[in-house]
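Structure record follows, encoded as structure tokens.
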Amino acid sequence: MAKTVLTVDDSASMRQLIKMTLGGAGFAVVEASDGAEGLEKARAAPVDLIVTDLNMPRMDGISLIRELRKLSSYRGVPILLLTTESDDERKKEARGAGATGWITKPFGQDQLLGVVKKVLGA
């Protein structure tokens, strides 16, 4: 059975790139356009991994991570932040919220796939 990845990003083109990359590698991909929608979708159906942008309307990536980590079903689920920011303070804040890892945009498709496979043990 395919692992399911929830991708949360306000950029439709970024969600499409992630879906194409991971879907092409056999992962099922669920999309959300911001943190609030991502939280709704995560509550509605379990996923194996979350890949979220940092800066989004309604709810940013760090707030999403904090909310997900409050849910017992998401305490051990890997969450990757995908962002243009590379500031060490933001990375520290993300780790403190419960982020598993950080990928800086722009990224290579092979890089994304490698990180996803590593955190999922696939």
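Keep in mind it's a predicted model, so treat the numbers as computed, not measured.
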Problem set entry | Contact check, side chains of N55 and R90, non-hydrogen atoms, under 4.5 Å | yes
Exercise. Within a strict 4.5 Å, meaning less than it, do heavy atoms of the L82 and I18 side chains meet?
Worked result: yes
Seminar exercise, completed: Here the gap from L68 atom CG to I50 atom CD1, rounded to the nearest 0.5 Å, amounts to 4.5 Å
Exercise. Just wondering, do D48 and V77 contact through their side chains at under 4.5 Å, heavy atoms?
Worked result: no
Exercise. Tell me, do V116 and F27 make a side-chain contact under 4.5 Å, heavy atoms counted?
Worked result: yes
Exercise. Please walk me through it: do S33 and R15 pass side chain to side chain contact (heavy atoms under 4.5 Å, CB included)?
Worked result: CA-CA 8 Å; S33 61; R15 289 193 315 270; 3.7 Å; yes
For this session: Indicate yes or no: at least one non-hydrogen side-chain atom of D88 is less than 4.5 angstrom from one of K91.
Result: yes
Problem set entry | K19/D9 salt bridge by N-O under 4.0 Å criterion | no
For this session: Begin with the C-alpha distance, continue with both residues' side-chain angles, and end with the deciding distance and a verdict on side chain to side chain contact (heavy atoms under 4.5 Å, CB included) for E67 and M59.
Result: CA-CA 10 Å; E67 291 303 311; M59 182 187 289; 4.3 Å; yes
Exercise. D53 and K105: salt bridge (charged side-chain N to carboxylate O under 4.0 Å, His left out), yes or no, with the steps?
Worked result: CA-CA 10 Å; D53 188 18; K105 297 177 190 174; 3.4 Å; yes
Exercise. Roughly how far apart are L39 CG and L6 CG, rounded to 0.5 Å?
Worked result: 9.5 Å
Exercise. Any side-chain heavy atom of L80 within less than 4.5 Å of one from V119?
Worked result: yes
Problem set entry | Connected via hydrophobic side-chain network under 4.5 Å: Y74 and L64 | yes
For this session: Search all heavy atoms of Q109 against all heavy atoms of M20 and return the closest pair with its distance.
Result: NE2-CE, 3.7 Å
Problem set entry | K70 vs R75, side chain to side chain contact (heavy atoms under 4.5 Å, CB included): CA-CA, chis, key distance, verdict | CA-CA 7 Å; K70 290 177 186 175; R75 288 203 182 112; 5.8 Å; no
Exercise. Does atom CG of D87 have more than 12 heavy-atom neighbours, drawn from other residues, nucleotides or ligands, at distances under 6.0 Å?
Worked result: yes
For this session: Could you tell me whether a side-chain N or O of R69 sits under 3.5 Å from a main-chain N or O of G98, the two making a donor and an acceptor?
Result: yes
Exercise. M14, V5: one ILVMFWY side-chain cluster at the under-4.5 Å cut-off?
Worked result: yes
Exercise. Less than 4.5 Å apart, any side-chain heavy atom of F107 and any of L17?
Worked result: yes
Problem set entry | Atom of A97, atom of I65 and distance for their closest heavy-atom approach | O-CG2, 3.3 Å
Seminar exercise, completed: Shortest non-hydrogen pair, A28 vs A2, comes out as N-CB, 4.2 Å
Problem set entry | Verify same cluster id: L112, V29 (apolar side-chain graph, 4.5 Å) | yes
Problem set entry | Side chains of V30 and T7 in contact at under 4.5 Å (non-hydrogen atoms) | no
Exercise. T100 side chain to I79 main-chain N or O, any donor-acceptor pair under 3.5 Å?
Worked result: yes
For this session: Report whether L81 and L113 are members of the same hydrophobic cluster (ILVMFWY, side-chain heavy atoms less than 4.5 Å apart, transitive linking).
Result: no
Problem set entry | same_hphob_cluster(W102, L49) at 4.5 Å side-chain heavy-atom cutoff | no
Problem set entry | Minimum heavy-atom distance G35-M56, with the two atoms named | N-CE, 3.7 Å
